[in-house]
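Just so it is clear, the structure is predicted and the values come from calculations on it, not from any experiment. Order of appearance sets the numbers: ligands from 1, and atoms from 1 within every ligand. We're numbering straight along the sequence, starting at 1.
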Amino acid sequence: MSKIRDINLAGKGKQKIEWVRKNMPLLRSLEEEFKVTKPFKNLKITISVHLEAKTAYLATVMAIGGGDVSVTGSNPLSTQDDVAAGLSTYDGVNVYAWFNATPEEYKEQLIEALGDKPNIIIDDGGDLVNLLHTECKEFLPSVMGGCEETTTGIIRLKAMESEGLLKFPMIAVNNAQCKYLFDNRYGTGQSVWDGINRTTNLIVAGKNVVVVGYGWCGKGIAMRAKGFGASTVICEVDPVKSAEAIMDGFKVMKMSEAAKIGDIFVTATGCKDVIAGGHFNQMKDGAILCNAGHFNVEINIPDLEKLSVLVKEQRNNIMGYQMQDGRWINLLAEGRLVNLAAGDGHPAEIMDMSFSIQALSAIHMIKNHKEFGNHVIDVPEEIDNKVANMKLKAWGVEIDKLSDEQKKYFKSWQL
Ligand code: NAI
């Protein structure tokens, strides 16, 4: 039995789900395949992923494939109540989530979703895995394994694996090429700016944008900032990525320098306190701060609160912090993922690829979990290639194939 905010919102939610369905041709073709093959028959699946329309469509595809699907969010601010209501009306799906749940309610929702005793989990950031290893150990026996969506979740899984604590296998979906090359780079690159622009309604051209972290997400965010006409600065701790950023045409400097000149700051490191303490003292009046990393720890909000004499909402989803000298610093979406907490997340065509990998990886886990042991498993190359081929087909693009002679040439070593 679903627990959502308001079932009267279901119509609007179903409209959103139908819109993304029309724009997710890969998942649509898997839906057709799963109607016949029923890969999830007699299996229970718990999904904890940002609960907006694309996630909802993935849940319905898994239900059509025979699964009993329980869905919860992976961040209280990214859950959309209309989508949760719409999704709860589909056969084979239970939803436990509402927007702006308190930390206690949010945890309760995850526990309820696990209470349906899943065989497979789809996690985003590691909350389900964490509970299954701590407060919800009683649900462990039925779990075959699962899939993890994001970089931060995989870092945590690898830490558990190396300490010998992981109790079931997990597939590192984020590390598939068809995930990070597209979702983290182009998806985050576009949707972060969608979130910032719709929330602030300010111009980006001519501004100094500071992107912290030049990984896959940071590269996408910086690339699009440049496209908007911003003067873009990168802050990094990795020397190779710093050099790459310079060759890509960006300025690279320490945060203590960037803090003085930035108009808009975007963090995308997966690390904590990348903007903290003294940085706030150096910022310009009106500076805008936001985060694209998984957790709201990248901007040290307690430090910001300590330094401010007044905290006041400036506009929906923008909190202003006034410093002692009168300067205002603006924080978007409480420092949570700005593209999801202040937007609709990645474009549908991007999540089409990521979620096709999720669905195919879940099947890979069902078929092979006994051989995997309690390890973090890579997505096999065949799944990456299948999704890339489906994407090319959807675009109507054909590519050349290696001839037998060319294959032989690649394997030869003699002059
Ligand atoms: P990545 O590992 O490719 O890049 C992170 C970069 O940050 C690295 O280059 C690292 O050297 C740098 N970094 C780490 N600590 C730093 C520090 N203290 N100061 C400056 N740079 C630092 O990771 P990726 O894939 O770019 O993900 C970044 C974060 O974004 C993760 O938390 C991930 O889970 C999240 N994510 C968010 C998405 C969204 O929709 N907003 C989508 C995909 C990932």
What protein heavy atom lies closest to [atom]? Include the residue and the distance to one decimal.
atom                    : result
atom 35 (C) of ligand 1 : H294 N, 3.7 Å
atom 31 (C) of ligand 1 : T152 OG1, 3.3 Å
atom 37 (C) of ligand 1 : A292 O, 3.1 Å
atom 15 (N) of ligand 1 : C271 CB, 3.4 Å
atom 39 (C) of ligand 1 : N339 ND2, 3.4 Å
atom 4 (O) of ligand 1  : G215 CA, 3.1 Å
atom 30 (O) of ligand 1 : G293 CA, 3.5 Å

May I ask which of [options] has a heavy atom nearer to [atom] than the others do?
atom                    : options                : answer
atom 28 (C) of ligand 1 : A268, G126, A245       : A268
atom 19 (N) of ligand 1 : V237, N184, V211       : V237
atom 34 (O) of ligand 1 : I350, I155, N291, T150 : T150

Strictly below 4.0 Å, N to O, side chains only: are [X] and [Y] in salt-bridge contact?
X    : Y    : answer
K393 : E398 : no
K3   : E112 : yes
E244 : K219 : yes
K179 : E148 : no
R5   : D81  : yes
E32  : K35  : yes
R224 : D194 : no

What about [X]: any of its N or O atoms under 3.5 Å from an N or O on ligand 1?
X    : value
K179 : no
G218 : no
C217 : yes
T151 : yes
W216 : yes

Inset, instruction - Taking the side chain as every heavy atom from C-beta outward, state whether R327 and K284 have any pair of such atoms under 4.5 Å apart. - result: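 Heavy-atom side-chain distance check fails, nothing below 4.5 Å.
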Inset, instruction - Evaluate the side-chain proximity of E161 to N374: yes if any heavy-atom separation is below 4.5 Å, no if none is. - result: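 When only atoms from C-beta onward are counted, E161 and N374 do not touch, as no gap falls below 4.5 Å.
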Inset, instruction - For residues H346 and F355, establish whether the separation of their ring centroids is below 6.0 Å. - result: no
Legend entry - Ligand-side contact atoms (ligand 1) for residue partner K241, heavy atom cut-off under 4.0 Å: 8 (C), 9 (O)
Legend entry - Element-labelled atoms of ligand 1 that are located less than 4.0 Å from some non-hydrogen atom of D238: 11 (O)
Under-4.0 Å heavy-atom contact with ligand 1, by part of [X] that carries it:
X    : answer
E236 : both
T269 : both
V274 : side chain
T188 : side chain

Inset, instruction - Please work out which of the three classes, parallel, tilted or perpendicular, describes the rings of F250 and Y214, given edges at 30° and 60°. - result: perpendicular
Inset, instruction - Describe, in one word, how the ring planes of W216 and Y180 are oriented to each other, choosing from parallel (under 30°), tilted (30 to 60°) and perpendicular (over 60°). - result: tilted
Inset, instruction - Consider ligand 1: state whether an atom of it lies below 4.0 angstrom from any non-hydrogen atom of H346. - result: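 Flag set, H346 near ligand 1.
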Legend entry - Q80 and its side chain to side chain donor-acceptor pair (under 3.5 Å) partner, picked from K16, H50, K12: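 Result for side chain to side chain donor-acceptor pair (under 3.5 Å) with Q80: K16.
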